[in-house]
K.L.:
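Below you'll find the structure I mean.
First the proteins, then the strands, lettered A, B, ... as listed; each starts at 1.
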Protein chains: 2
Amino acid sequence: MPHRAQSGGLAPVISIRDLKVHCSTCSMRELCLPMGLGAAELAQVDALLGTRVKLHKGDTLYRAGEPFTALYAIRIGSLKTTVLAEDGREQVSGYHMLGDMIGLDGIVADRHGCQAMALEDTEVCVLPLQRIEDIARAVPPLRQNLLRLMSKEIARDQNVMLLLGSMRADERLAVFLLSLAERYKQRGYSSTEFVLRMTREEIGSYLGLKLETVSRLFSRFQDEGLIQVQGRAVKLLDPVALKQVVGQRG
Amino acid sequence: MPHRAQSGGLAPVISIRDLKVHCSTCSMRELCLPMGLGAAELAQVDALLGTRVKLHKGDTLYRAGEPFTALYAIRIGSLKTTVLAEDGREQVSGYHMLGDMIGLDGIVADRHGCQAMALEDTEVCVLPLQRIEDIARAVPPLRQNLLRLMSKEIARDQNVMLLLGSMRADERLAVFLLSLAERYKQRGYSSTEFVLRMTREEIGSYLGLKLETVSRLFSRFQDEGLIQVQGRAVKLLDPVALKQVVGQRG
DNA sequence: CGACTAGTTGAGGCCAGTCAATGTTGGTGG
DNA sequence: CCACCAACATTGACTGGCCTCAACTAGTCG
């Protein structure tokens with residue numbers, strides 16, 4: 001099902017003006033593409049941005065193989081990206097929350113290399129492809145930021161490779177929880193208490209594990225007093241001990 | 001041990017002039033950063049490039065944590081990049097051959113996120129960081145190419161994640177061999193017969209396997225008539241069947 | 001209320017890891 | 001040139017961690 005520009009039967013509680021994106025008033029601007037820009041530059045970026053898109057839980061923002069037309073910055077909510085093998089196998093390649101940019105992999109072939117799906121009701125800012133070049137020309141620091149974001153994505157992917165290639169199941173889950181905690185913290189949320197937006201199966205797919213293994217590990221971590229789990233609600237009781245899970249024998 | 005600008009006791013068999021890099025005369029230019037550029041633009045890039053660096057087998061081009069000063073384009077030879085976990089664990093994150101660009105992960109933090117080591121005698125072109133901005137300003141198509149290369153790296157990493165997260169050992173090795181074959185082909189070499197530049201352990205590290213497993217799989221593939229192996233010399237006898245290894249049960 | 005999805009837990013099997021012995025290769029120096 | 005050594009590679013026996021299959025529970029939504 002394609003994404004929709006507006007949610008179904010809800011009366012609009014926000015004005016038309018708000019529907020236009022403004023980096024200058026966005027709380028995520030220091031994590032997002034315009035990080036570090038001055039007021040004048042921000043105004044330029046505002047003028048170049050497209051509209052925002054609203055997604056409901058389960059909506060797809062783009063699919064693998066579709067023409068690459070824009071990058072997206074997440075304003076509210078979260079998405080997962082999944083890569084598909086030729087034989088239909090599917091793997092979650094990332095979880096993305098507010099302030100993150102997605103779609104960076106599409107530039108190479110003018111087609112998206114993966115699929116992006118909303119894990120909850122979500123809003124993204126659209127950066128149309130044609131305008132990215134304009135932006136890059138007009139605002140040099142922004143060009144730098146774009147490179148940085150891509151570079152950051154590469155560094156992140158390499159860490160996931162390290163996780164998938166060399167860690168045991170319990171280490172993977174510990175790293176996953178700690179990395180979520182860190183990202184929530186950066187965004188001003190609690191780093192010890194949060195609600196997972198994805199299923200056990202999706203976590204497993206991301207970590208190269210089966211859902212039963214993930215479930216068992218949650219139970220085990222709880223038994224060991226490291227965390228408290230109630231469905232998708234997670235509380236990190238002992239982050240230090242959780243860190244120690246990573247990198248130790250047995 | 002740091003890299004050296006020139007090899008030890010050898011009399012120079014190439015002229016000084018050749019030591020300066022020239023994209024316009026480089027056979028890799030259509031795979032490398034200047035792909036698709038016109039003659040005038042090539043000349044501009046030539047003027048911006050730094051010198052080349054020679055590495056011997058085992059030499060390190062850069063280490064994780066070192067200040068990021070340049071990107072590198074491989075002229076001759078090959079390198080491996082490895083990421084390190086805090087606990088000292090190490091994983092090969094990529095094999096890179098002539099025409100490839102490396103160091104792209106360093107932009108984010110002004111520090112390299114991984115280590116690059118030569119697998120054989122190797123020469124790389126140096127693109128000093130300060131000049132990358134100049135290049136991007138002066139030659140718009142080159143800016144586009146830089147983005148494309150980074151995007152390609154992201155897409156590649158995601159495929160590795162798919163491999164590590166969802167494939168059995170034999171599938172991983174088959175994918176690895178086929179991807180090497182493809183890359184040799186793109187560079188004008190035989191796609192069915194080549195010499196591996198890395199040890200079984202390094203292959204295993206890249207694929208998330210132990211060296212014994214890699215060795216056993218080479219033997220098994222040979223028994224099944226898929227390949228012929230003699231140490232590091234590999235001949236793909238039945239690439240089609242090798243492709244079929246990927247994605248089938250048992 | 002029934003159908004469905006998500007999650008938990010148990011029993012058993014298998015793939016890849018571990019440990020160990022042996023063979024092979026390539027570089028070095030006498 | 002060859003003997004030597006260290007690094008690399010192969011193969012076997014055994015182990016164990018994660019997967020598979022399966023049963024059951026708890027929410028959720030028509």
K.L.:
Side chains of B/His96 and B/Ser78: do they bring a donor and an acceptor to under 3.5 Å?
P.N.:
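Not at all, the side chains of B/His96 and B/Ser78 share no donor-acceptor pair under 3.5 Å.
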K.L.:
Determine, for B/Lys243 against A/Glu86, whether the closest basic-nitrogen to carboxylate-oxygen distance falls under 4.0 angstrom.
P.N.:
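Judged by the 4.0 Å cut-off on N to carboxylate O distance, B/Lys243 and A/Glu86 do not form a salt bridge.
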K.L.:
So, are B/Asp100 and B/Lys152 salt-bridged, with charged N and O less than 4.0 Å apart?
P.N.:
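Looking at B/Asp100 and B/Lys152, the cut-off is not met.
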K.L.:
May I have the distance from B/Asp170 (atom CG) to C/dG17 (atom P), rounded to whole angstrom?
P.N.:
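After rounding, the gap between these two atoms is 12 Å.
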K.L.:
What integer distance in Å separates A/Leu119:CG from C/dT5:P?
P.N.:
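The distance from CG of A/Leu119 to P of C/dT5 comes to 18 Å, rounded to the nearest Å.
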K.L.:
Looking only at the aromatic ring of each residue, does the gap between the centers of B/Tyr206 and B/Tyr95 stay below 6.0 angstrom?
P.N.:
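Yes - the distance between ring centres of B/Tyr95 and B/Tyr206 falls below the 6.0 Å cut-off.
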K.L.:
A/Gln222 CD to C/dG7 C1': how many Å, rounded?
P.N.:
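Taking CD of A/Gln222 and C1' of C/dG7, I get 13 Å after rounding.
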K.L.:
Under a 3.5 Å distance rule, please check whether A/Asp223 uses its side chain to pair with a backbone N or O of A/Arg220 as donor and acceptor.
P.N.:
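Side chain of A/Asp223 to backbone of A/Arg220, a donor-acceptor pair under 3.5 Å: no, none is there.
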K.L.:
Can you check the B/Arg168 CZ to C/dC15 C1' distance for me, whole Å?
P.N.:
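Spelled out: CZ on B/Arg168 to C1' on C/dC15 is 10 Å.
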K.L.:
Over its full length, what angle do the end axes of the helix from C/dC1-D/dG30 to C/dG30-D/dC1 make, each axis taken from five pairs and the result rounded to 10 degrees?
P.N.:
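Comparing the first five pairs with the last five, the axes sit 40° apart.
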K.L.:
For nucleotides 8-15 of chain D, give me every protein contact, N/O to N/O, under 3.5 Å, one pair per line with atom names.
P.N.:
unit_1 : atom_1 : unit_2   : atom_2 : d
D/dA9  : OP1    : B/Arg232 : NE     : 3.0
D/dA9  : OP2    : B/Arg200 : N      : 2.8
D/dT10 : OP1    : B/Arg200 : NH2    : 3.2
D/dT10 : OP2    : B/Arg200 : NE     : 2.7
D/dT10 : OP2    : B/Ser215 : OG     : 2.7
D/dT10 : O5'    : B/Ser215 : OG     : 3.2
D/dT11 : OP2    : B/Ser219 : OG     : 2.5
D/dG12 : N7     : B/Arg216 : NH1    : 2.8
D/dG12 : O6     : B/Arg216 : NH2    : 3.1
D/dA13 : N6     : B/Arg216 : NH2    : 3.4

K.L.:
Under 6.0 Å between the ring centres of A/Tyr62 and A/Tyr72?
P.N.:
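Ring centres of A/Tyr72 and A/Tyr62 closer than 6.0 Å.
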K.L.:
May I have the distance from B/Lys57 (atom NZ) to D/dA7 (atom P), rounded to whole angstrom?
P.N.:
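Between P of D/dA7 and NZ of B/Lys57: 13 Å.
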K.L.:
Using a 6.0 Å cut-off, check whether atom CD of B/Glu120 has over 12 heavy atoms from anything other than its own residue.
P.N.:
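More than 12 heavy atoms, drawn from other residues, nucleotides or ligands, come within 6.0 Å of this atom.
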K.L.:
By the 4.0 Å heavy-atom rule, please label B/Gly204 as base, sugar-phosphate, or nothing.
P.N.:
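No contact at all - B/Gly204 keeps every heavy atom at 4.0 Å or more from the nucleic acid.
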K.L.:
Separation of B/Leu164 atom CG from C/dA16 atom P, in whole Å?
P.N.:
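Atom-to-atom, B/Leu164 to C/dA16, this comes out as 13 Å.
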K.L.:
Main chain of B/Val126, side chain of B/Arg52: is a donor-acceptor contact present, judged purely on distance under 3.5 Å?
P.N.:
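It does not hold such a pair.
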